[in-house]
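Contents: one structure, followed by commentary.
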Amino acid sequence: MPELYTPQEIEPKWQQRWEADGLHRSLVDPERPKFYALTMLPYPSGDIHIGHWYAMAPSDVRARFKRMQGYNVLFPMGFDAFGLPAENAAIQRGIHPKEWTLNNIERERQQLRTMGAMIDWEREAISCLPGYYRWSEWFFRKFYDMGLAYRKQAPVDYCPSCKTTLAREQVVGEERICERCGSPVIKKDLEQWFWKITNYADELLDFSKIDWPERIRLLQTNWIGRSEGAEVVFVVAPEDLSADAAPGTGDLVVFTTRPDTLWGATFMVLAPEHPLVNVITKPEFHEIVHAYQFQAARQSEIERLSTEKEKTGVFTGAYAINPVNGARIPIWVADYVMMGYGTGAIMAVPAHDDRDFAFAIKFGLSIIPVIERPDLKAKSLVWPDSVPDDFAAKLDEAGIAYTAGAVGNVGEGLYVTLQGEAEIGRYVELISAALRPGNWSEVVGTGWYFIFQDEVRQLDSVASDAEILARCKELYPPVSDNRTVMEMITHCGFYEDVLFHAEHGTMINSEGFTGTPGEEAVSAVTAWLDQRGVGEAAVNYRLRDWLVSRQRYWGAPIPIVYCPVCGTVPVPYEELPVLLPDDVDFMPTGESPLRYHEGFLNTTCPQCGGPAIRETDTMDTFVCSSWYQYAYLSPYYREGEPVNGDAMPWDPAEQAYWAPVDTYTGGAEHAVLHLLYTRFFTKALRDAGILDFDEPMRQLRNQGVILGEPRSGDCVDVRGSWEGSAFRATAITVYSFQDRDTWPEPVREEGRVCGEVLDRDEVSLKVRTSESGALTVVLVNEDMPVEIPGKEVQGTVGDILYHLDVEKMSKSKKNVVSPDVLVAQHGADALRAYLMFGWRWEQGGPWDSRSIEGVTRWLNRIWTLLTESSQNTEPVDAVSDRELRRTMHYVIKSVTEDLEGFSFNTAIARLMELTNALSKAKAATWGSELWDEAVTTLLLLLAPVVPHMAEELWSRLGKPYSIHQQAWPAWDEAMLVEDTVEVPVQVNGKVRARITIAAGADEGAIRSAALEDPNVQRYVEGKQIVKVIVPRGQLVSIVVK
RNA sequence: GGGGAAGUGUCGGAACAGGCAGACGAGCAUGACUUAGGAUCAUGUGCCGCGAGGCGUGCGGGUUCAAGUCCCGCCUUCCCCACCA
């Protein structure tokens, strides 16, 4: 009886052996090239789940692969151990966060060990231990000395559920919810510590030194949000400032990306929180402005749920002077301007910004175009009876396009569409001549002409706006309600698409700059502003400084002391770490429990020795994970030893050898959190003289997410008839998926189909018509009525629930897949292989509990293939030998390239192919030299994937321990060449024959062989051969006529 | 509203550089061995058609001897950002 494959026995056995032999220790070895493979460290929430395996197992495979390729590989692991869940557990269950965390770590470490990964556990680092967080504090102190850490009072995001402030990056989505718990965040005005990540904004935009996914680079780029433009100084009109105001008080600095539109700035808008609002608001406007500010503040606290973003705002009564033309423009307050972006104040150019346009229309502010439309499009509506009847004929004559149509219920008008200066000019001439008394006409979009009987005006200034409007009102009193010309013409739907544009183009109505082409406009105006001292080129970023203060206990203390005499004093390097006291009360107060711990709070000032209090906020946990890749180099470096500010935070020799990380793997969800922070950290440490490189991780690859297994849909019992392979429904009965036990048996027969609905679209249902999964397509109409037993109401096909959501795994949804259970069932090796095989790694997808069986079967096949002897029933055959050898080399090559390129699924597919080839060849080659070579190759290629099984079979074949210390097989290109190749022959693009020909035959030989083929002859006969193409000898393409 | 990614059998997914679409696996079907089979082995399996043959990579065009792949226009889904000045 052959021995069965029992991973449950084999796996622990080898894990112990490897550990006893220190096989996974990674020591500095200058003789060998290093490879630092890092996978994101887990947060010890209590359970290692399938997502961890999905991230780590293929990463381990790749690390092992690199080791077999001759690299000295470091593959460490640790725990991101500070954080809220531990503290919440303390509050809810009375367990100390440290105990909760360390217990979880112990459990997770055991779980991780079952993976059989080549983790060097000697280098484990846990961020909540003093030996670790001493250095987190040390970095804070270092950044403080470098001027990168500062404290300021600012409106910050606060999560009322986590009871702490959050960094901007930790607030997600339109609903502005907390990244950890999903609660909506609120704004609070607090004094907090920030790190100047913005100092590195430009450098963080440079990805030229790293191989990171496009997606992450893009997310970071967008997050940093660099925009170039200018800062322009507007001054508050002197009469609107109190006489005793200090010089400069009235300066209103705005940031704009479009200084070329300055002449069109017809008003200004300040954010409600802008400090100058209270200074400039005229007394008679105080009440209304204050009410608006209050309401705006409240609104940001409640939640800005209103998706309908109707503009609101109030006038301050004050005016500013537009520096380019001295125009007096009103200053408004509106919440569409954010205090947090730019300067919190804008110049509004309603003609070329949709928000400003909407605001100006709503509040009756002037809109003056100052940039020509690049397409030079214009429109004009010829009002009924405003011109003689022959006007249309004149337009025809002039080649001007128009359509006649009703204008409201007034009569028939002409809708004229114009393009280009010349045509517009011709039109203006025509209409001027034709216009009847008491009428006017306008050209909208380009030119902006207002044609009256006696003159043609252009909408080119605030003054002309008023004058044109006045004339129009005179001619046609119904327009009297309008406050601006633009408001008047918005009532005409025909003009809708030419009223405003935001494109770059030639400047108009801009005094000396009129005529400046769009490409030069921004830079020309910026230079001019600079020269006149009213503005300068400026870069603005969306990125804001990293708020690192957290009002929680379970984090690294911020090493700062507040002394009534000396002020803010950092704790001396030598006194670090500031230890977290164990005996604190965990009460959800909204303030750090440390604040109520007298022993912690009260201290002496390091500077004057007098009584002082400690900072009680702790650091964001992302601080600790920003440098963990270096912590692994020499965990808890110099613990217990006091160190000064010039110390190295890790062993310089280890750093010199291992750093930086060569390959980093993990989830993409940290694109603008951890992955941005750690880059910042590395750059800051470089500037501190600690690191000598710019980027922490050379190569980054993100795995996808494993989602829950799709759940069942409703069951349908369908009557109808077959139409080919599909079934046309005439009557449908639906059974809810909730009443599974009452479902009828799946059926697929003449006239009836029954089963669960897996998918649905407008015209069909996909019904599972057998237990095992056979699918039938049922053709339906979406509004077709269905019977629902026990329900009075009739539903329709559109109501049928199908397959149900593919969702993230979560305990509450009861769709989690436990790796522990799978390891017990199939073994770690099978799970590792399946996680590689089941999905494109970088994409992920829903779990499929059935197809892991396929991988298990494969491993069993390998097992019997190598453990059972063979009778050698088939004769030795040189051709098939060669074929096996060829497959072997092809598989070596493919697997090597696939593992290198993170294409894990195809690597497994190729290994399966080699297995299949061996199965086929076994009866003839078993026991031969070739057999041994092929089996050895298979095992070596398998070693990174299924390390335990490979080691077991390796030792059973009597090969020297350990397989993991063997060299990766090499392939021979010469072996990849086949003796004969099958060449497809296409006639007019369709494959009509395949010819077998000696490999390497020249083009002429292939061509004539193809033309001689009888099948080809059939298609070529009687036709004229136009062309024969033989690209790279791969195929023959014949074109006939 | 802006930006990005992706649409291939029943399913997960292959396809180098424009060159035989569907590798590998799941599922399904048939058969073998079995007391039995959710084990194992073998064979088949894109769709339509009895057949010759035709049709097929979200839809519509185009380039080419040849298009999943390149170009133009659309549709759908997912993700990110969002009154960003």
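Just so we're on the same page: letters track the sequence lines, and every chain starts at 1. If you're wondering where the values come from, they're calculated on a predicted model, not measured in any experiment.
- Relative to the side chain of A:Arg840, the nucleotides B:C55, B:A14, B:C24 differ in distance, and B:A14 lies closest.
- Of the P atoms belonging to B:A67 and B:G62, the separation is 12 Å, rounded to the nearest Å.
- Taking every side-chain heavy atom of A:Lys311 into account, B:C83 is the closest of B:C83, B:C55, B:C24.
- The base of B:A39 lies outside donor-acceptor range of the side chain of A:Arg857, with no N or O pair under 3.5 Å.
- A salt bridge links A:Lys362 with A:Glu310: at least one charged nitrogen is closer than 4.0 Å to a carboxylate oxygen.
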- Item | Full working for side-chain hydrogen bond (donor to acceptor under 3.5 Å, both in side chains) between A:Tyr834 and A:Ser851 | CA-CA 8 Å; A:Tyr834 177 54; A:Ser851 50; 3.0 Å; yes
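- Nucleotides B:C47 and B:G9 place their P atoms 12 Å apart, quoted to the nearest Å.
- Contact annotation for A:Asp335: base contact, defined as any heavy-atom pair under 4.0 Å involving a base atom.
- Set against B:A85, B:G19, B:A26, the side chain of A:Thr257 has B:A85 as its closest nucleotide.
- B:C50 makes up no base pair with any nucleotide shown, lacking Watson-Crick or G-U wobble contacts both under 3.5 Å.
- A donor-acceptor contact closer than 3.5 angstrom links the side chains of A:Tyr292 and A:Thr312.
- Nucleotides B:U57 and B:G7 have their P atoms positioned 14 Å apart, rounded to a whole Å.
- Against the 90° criterion about 0, the sugar-base torsion of B:G9 places it in the syn range.
- A gap of 23 Å separates the P atoms of B:G58 and B:C24, to the nearest Å.
- Listed nucleotides B:C81, B:G25, B:G13 differ in distance to A:Gln843; the shortest reach to its side chain belongs to B:G13.
- With hydrogens and angles disregarded, no donor-acceptor distance shorter than 3.5 Å links the side chain of A:Glu913 to the backbone of A:Val891.
- Comparing B:C55, B:C81, B:A85 against the side chain of A:Arg542 picks out B:C81 as the nearest.
- Closest to the side chain of A:Tyr341, from the set B:C24, B:A85, B:C83, is B:A85.
- Comparing the C1' positions of B:U63 and B:C71 gives a spacing of 7 Å, expressed to the nearest Å.
- Picking from B:C24, B:C84, B:C65 the nucleotide with the shortest atom distance to the side chain of A:Ala909 gives B:C24.
- Note: A:Tyr890 and A:Trp971 fail the aromatic proximity criterion, with ring centroids not under 6.0 Å apart.
- Going from the P atom of B:G27 to that of B:A39 covers 8 Å, rounded to whole Å.
- Look at B:G1: its Watson-Crick or wobble partner, with both distances under 3.5 angstrom, is B:C81.
- As the counterpart of B:C41, B:G31 is assigned, both hydrogen-bonding distances of the Watson-Crick or G-U wobble pattern falling under 3.5 Å.
- B:G13 is unpaired under the Watson-Crick or G-U wobble criterion, no partner having all donor-acceptor distances under 3.5 Å.
- Comparing B:G25, B:C65, B:A85 by their closest approach to the side chain of A:Val1039 singles out B:C65.
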- A:Asp545/A:Thr198 under side-chain hydrogen bond (donor to acceptor under 3.5 Å, both in side chains): CA gap, chis, key distance, verdict: CA-CA 6 Å; A:Asp545 281 338; A:Thr198 50; 2.5 Å; yes
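- Across B:C80, B:C83, B:C65, the shortest atom-to-atom separation from the side chain of A:Leu219 is found for B:C80.
- Checking B:G19, B:A85, B:C83 against the side-chain heavy atoms of A:Gln986 singles out B:G19 as nearest.
- Ring centroid separation for the pair A:Phe837 and A:Phe904 does not come in under the 6.0 Å cut-off.
- When the P atom is compared between B:C72 and B:A21, the two are found 26 Å apart, to the nearest whole Å.
- Pair check for B:G60 finds B:C72; Watson-Crick or G-U wobble, both atom distances under 3.5 Å.
- Atom name P, nucleotides B:G49 and B:C16: the rounded distance is 33 Å, in whole Å.
- Remark: B:A23 base-pairs with no nucleotide; criterion is Watson-Crick or G-U wobble with both hydrogen-bond distances under 3.5 Å.
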